2 protein chains.
Amino acid sequence: MYASSTRPVAIDPLGSANVCANCDARPHSVCNAVPDSEISRLAAIAMVTHAEPGTTFIQEGDPATHFFNISAGTVRMYKLLPDGRRQITGFAGVGHFLGLAVSETYAFSAEAIDCVRFCKFSRARVRTLLDDYPAMEKRLLAVASTELVAAQDQMLLLGRKTARERLASFLMLQSRQGVLCQSSRNRFALPMSRGDIADYLGLTIETVSRTLTKLRSDGFIEIPSSTEIAIRAPAALEGLATGMA
Amino acid sequence: MYASSTRPVAIDPLGSANVCANCDARPHSVCNAVPDSEISRLAAIAMVTHAEPGTTFIQEGDPATHFFNISAGTVRMYKLLPDGRRQITGFAGVGHFLGLAVSETYAFSAEAIDCVRFCKFSRARVRTLLDDYPAMEKRLLAVASTELVAAQDQMLLLGRKTARERLASFLMLQSRQGVLCQSSRNRFALPMSRGDIADYLGLTIETVSRTLTKLRSDGFIEIPSSTEIAIRAPAALEGLATGMA
DNA sequence: CGGCAACCTTGATGCAGATCAATGCCACCG
DNA sequence: CGGTGGCATTGATCTGCATCAAGGTTGCCG
């Protein structure tokens with residue numbers, strides 16, 4: 001049986017008063033637009049859930065019934081063509097908000113990469129919450145605007161950058177927002193596989209692997225293990241990423 | 001002198017009561033979230049402006065002082081790499097809203113393709129308007145969400161589709177939202193040049209030209225002139241666009 | 001510990017689309 | 001009306017990345 005056919009599991013379907021108050025992700029997420037005094041209202045509609053690696057918890061084309069807020073782990077969002085070609089549109093980490101859509105169906109699928117914990121909110125209930133907390137609506141608009149800017153950067157990457165520049169951009173992005181190792185700055189974990197990176201950057205697995213090897217032999221990075229990267233020359237790599245070389 | 005160095009011209013810097021009430025673009029735009037009775041308030045802060053073909057009226061990296069609403073013509077939004085490589089992130093037509101950004105600077109440049117008319121709104125003033133009309137804020141969120149979905153489609157196109165599929169997708173998109181000829185359904189104008197299409201689809205001018213010629217000789221389309229397209233086989237072209245062939 | 005499976009790396013070869021190079025087609029203007 | 005400049009088309013060649021094809025590495029499980 002494929003992991004992607006397993007179903008996510010609700011841990012706490014009823015919610016409890018302090019689920020949200022004690023949430024690690026709240027400071028990073030749209031939820032902090034709800035004031036402490038009213039946090040129980042948010043907790044009442046939050047369904048805390050987790051998903052094993054490989055589980056698909058949003059399916060492109062399905063009715064868009066819920067919003068999601070990631071509180072642990074990493075998620076890949078992607079779109080497929082009928083013959084199986086895949087484009088990963090982004091990776092979502094702690095605090096990331098998923099499911100913004102005007103249309104009645106999800107525009108992309110989402111899968112857990114590692115063990116993921118998230119809160120599910122019914123769209124209908126969130127709508128009434130938004131009417132009471134305009135600050136949350138403003139916050140959502142800010143999130144959407146930020147993602148739009150990131151999407152435009154990604155279009156530039158996919159349309160016009162070389163494989164080397166794509167990897168440099170990706171590594172700089174991960175070093176900024178990824179999971180940092182405590183041991184050293186400029187060193188971080190890559191929770192996703194080479195295949196995921198390839199489908200995010202519009203390349204093949206082989207080109208990703210070769211290009212990383214080349215960046216290492218050119219002295220830009222170190223590769224302590226296949227899931228870890230250390231950046232040796234941040235300024236030079238940033239230059240590569242922005243097309244200065 | 002290059003066209004891009006000319007400056008847009010304000011036609012009506014003070015605004016007048018019926019500027020917005022009679023605006024052709026209003027039904028298509030976020031402005032209609034302001035009720036008729038209050039439309040003069042919108043008109044008071046609208047600066048109606050127009051731009052000649054080739055004029056750059058938003059410059060990537062400049063302080064983001066205004067929002068824009070297109071009321072006539074077509075605009076290209078784009079990002080550049082230092083060596084001149086260009087990625088067009090989208091074309092904006094009548095009713096389109098530009099300038100959403102959290103950051104203090106614009107994330108892209110915008111140029112008039114043909115003669116463009118637009119309304120400029122100071123961000124600070126729009127902010128106070130948004131506080132009074134939450135419906136407008138909701139409308140902006142809807143716009144941002146829609147653009148995000150479009151951006152994800154474009155990532156799939158740029159990362160994973162062939163040149164033929166890219167052109168098919170582009171033509172289907174234009175036939176849906178472009179300027180239709182009155183003469184015939186399935187026939188429409190292309191206000192942008194081959195170079196613009198290439199930079200939007202992540203291709204070169206030559207590949208765009210060759211691929212269009214091929215689509216014509218394969219019976220999918222007709223090319224009455226270089227700025228006009230007629231679709232002969234919409235279903236087949238749609239199949240191509242979605243990767244079914 | 002050994003055998004398997006999933007993933008990653010490396011090498012050889014192929015091809016879609018880029019690049020280089022004319023040529024054609026208008027629209028504009030003196 | 002002939003010249004000029006900007007865009008589009010078409011052809012010849014080149015190349016960056018994909019594809020095809022082995023190995024190598026890691027970690028799991030019996």
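Numbered from 1 within each chain, the chains take letters A, B, ... in sequence-line order. Everything numeric here is computed off the predicted structure, so don't read it as measured data.
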Acceptor/donor pairs from residues 232-242 of chain B side chains to any protein atom, 3.5 angstrom cut, sequence neighbours excluded:
from      : atom 1 : to        : atom 2 : distance (Å)
Arg232(B) : NE     : Glu222(B) : OE2    : 3.4
Thr242(B) : OG1    : Glu238(B) : O      : 3.0
Thr242(B) : OG1    : Gly239(B) : O      : 3.2

Task: Nucleotide dA18(C), atom C1' - distance to CG of Asp199(B) in whole Å - done: 13 Å
- [ ] Could you tell me how the ring of Phe68(B) sits relative to the ring of Phe118(B): parallel (under 30°), tilted (30 to 60°) or perpendicular (over 60°)?
- [x] perpendicular
Please enumerate all residues that pass side chain to side chain donor-acceptor pair (under 3.5 Å) together with [X], with sequence neighbours excluded.
X: Asp218(B); answer: Arg164(B), Lys214(B)
X: Thr211(A); answer: none
X: Ser169(B); answer: Lys161(B)

TODO: Among residues two or more places apart or on two chains, list those pairs meeting side-chain hydrogen bond (donor to acceptor under 3.5 Å, both in side chains) that have a residue in residues 148-158 of chain B.
DONE: Lys79(A)-Asp153(B)
- [ ] Sugar-phosphate atoms are those with a prime plus P, OP1 and OP2; base atoms are the rest. Using that split, label each nucleotide of nucleotides 6-14 of chain C B, S or - for protein heavy atoms under 4.0 Å, 5' to 3'.
- [x] --SBBBB--
Task: Set of residues satisfying ring pair (Phe, Tyr, Trp, His ring centres under 6.0 Å) with respect to Tyr200(A), sequence neighbours excluded - done: Phe91(A), Phe170(A)
Open item on the list: Students should find this one: the first and last nucleotides of DNA chain D, 5' to 3', lying under 4.0 Å from a heavy atom of chain A. What are they?
Closed with: dC17(D) to dC20(D)
Open item on the list: Thr146(B): which residues meet the side-chain contact (heavy atoms from CB on, under 4.5 Å) condition with it, sequence neighbours left out?
Closed with: Val102(A)
